[in-house]
Amino acid sequence: METVYDFTLPKGYMDSAGVLHQKGKMRLATAGDEISATRDPRVLSNPSYLTIVILSKVVIQLEGMDAVTATTIEQLFTADLAYLQDMYQRINDVEPPVIHCVCPDCGKTFEVPLNFTQEG
C-alpha cells in the first residue's frame with residue numbers, strides 16, 4: 001500500500017530568500033493527526049485554521065526545506081493550498097462510505113451514503 005505521494009505545487013512556495021519550492025511529499029493522514037489538530041490552540045481559537053494544521057502534519061517534505069510548518073502552509077499561494085487540500089481528500093479517500101442498494105419493487109440499483117452518527 002502506498003502511504004507517501006509526490007506532488008508538484010502549481011505555483012510553489014517562495015521562501016524569504018526568493019527561492020521557489022514546488023516539489024514535495026504528502027503522507028496519508030492518521031486518526032491521530034486529525035484528533036491532535038482539533039486540539040491545537042490555533043484551531044480552538046479559529047476553526048478555519050484546521051486545514052493549515054492538518055496539512056502541516058501530512059506534508060512531510062518540500063524540496064530544499066528543512067521542515068514544513070503551519071507557517072509554511074500559511075504562506076502558500078491560494079492555488080497551492082487548494083491543490084494540497086484536493087490531494088489530501090483524494091489520497092485519504094475522504095468520500096463518505098456508501099452502501100449499494102436494490103429497489104425491491106423495480107430492481108433499480110442505487111447508492112445510499114452511510115452515516116454512522118445518525119440515530120434511529
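Computed over heavy atoms, backbone and side chain alike; hydrogens, waters and symmetry mates excluded.
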Q: Keeping to residues at least two apart or across chains, list the salt bridge (Lys or Arg N to Asp or Glu O under 4.0 Å) pairs with something in residues 63-77.
A: none
Q) When you check the gap from the basic side-chain N to the acidic O, do R27 and D33 get nearer than 4.0 Å? A) yes
Q) If you round to the nearest 0.5 Å, how far is CG of L50 from CD of E34? A) 7.5 Å
Q: Enter the distance from I54:CD1 to D40:CG here, rounded to the nearest 0.5 Å.
A: 10.0 Å
Q. Between D80 and G12, is there a donor-acceptor pair closer than 3.5 Å when you use the side chain of the first and the backbone of the second?
A.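 A pair under 3.5 Å: yes.
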Would you name the heavy atoms of [X] and [Y] that are closest together and state the gap between them?
X    : Y    : value
V53  : A37  : CG1-CB, 3.7 Å
L9   : Y83  : CD2-CD2, 4.0 Å
V102 : F110 : C-CE2, 4.2 Å
L20  : M14  : CD1-CE, 4.1 Å
I60  : K57  : CG2-O, 4.2 Å
P10  : A79  : CG-O, 4.0 Å

Q | Audit row: H21, D15, side-chain contact (heavy atoms from CB on, under 4.5 Å) steps and yes/no | A | CA-CA 8 Å; H21 307 269; D15 67 21; 2.8 Å; yes
Q | Hydrophobic cluster of I35, others only, ordered by chain and residue number, side-chain cut-off 4.5 Å | A |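 Result for I35 is none, singleton.
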Q: Check salt bridge (charged side-chain N to carboxylate O under 4.0 Å, His left out) between K25 and all other residues, then give those that pass, not counting sequence neighbours.
A: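 Here the qualifying residues are D6.
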Within a strict 4.5 Å, meaning less than it, do heavy atoms of the [X] and [Y] side chains meet?
X   : Y   : result
I52 : L81 : yes
V19 : Y13 : no
L55 : M26 : yes
L62 : F7  : yes

Q: Give a yes or no on whether Y5 and M65 share a hydrophobic cluster (residues Ile, Leu, Val, Met, Phe, Trp, Tyr; joining criterion: side-chain heavy atoms under 4.5 Å apart).
A: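 Yes: a chain of side-chain contacts under 4.5 Å links Y5 to M65.
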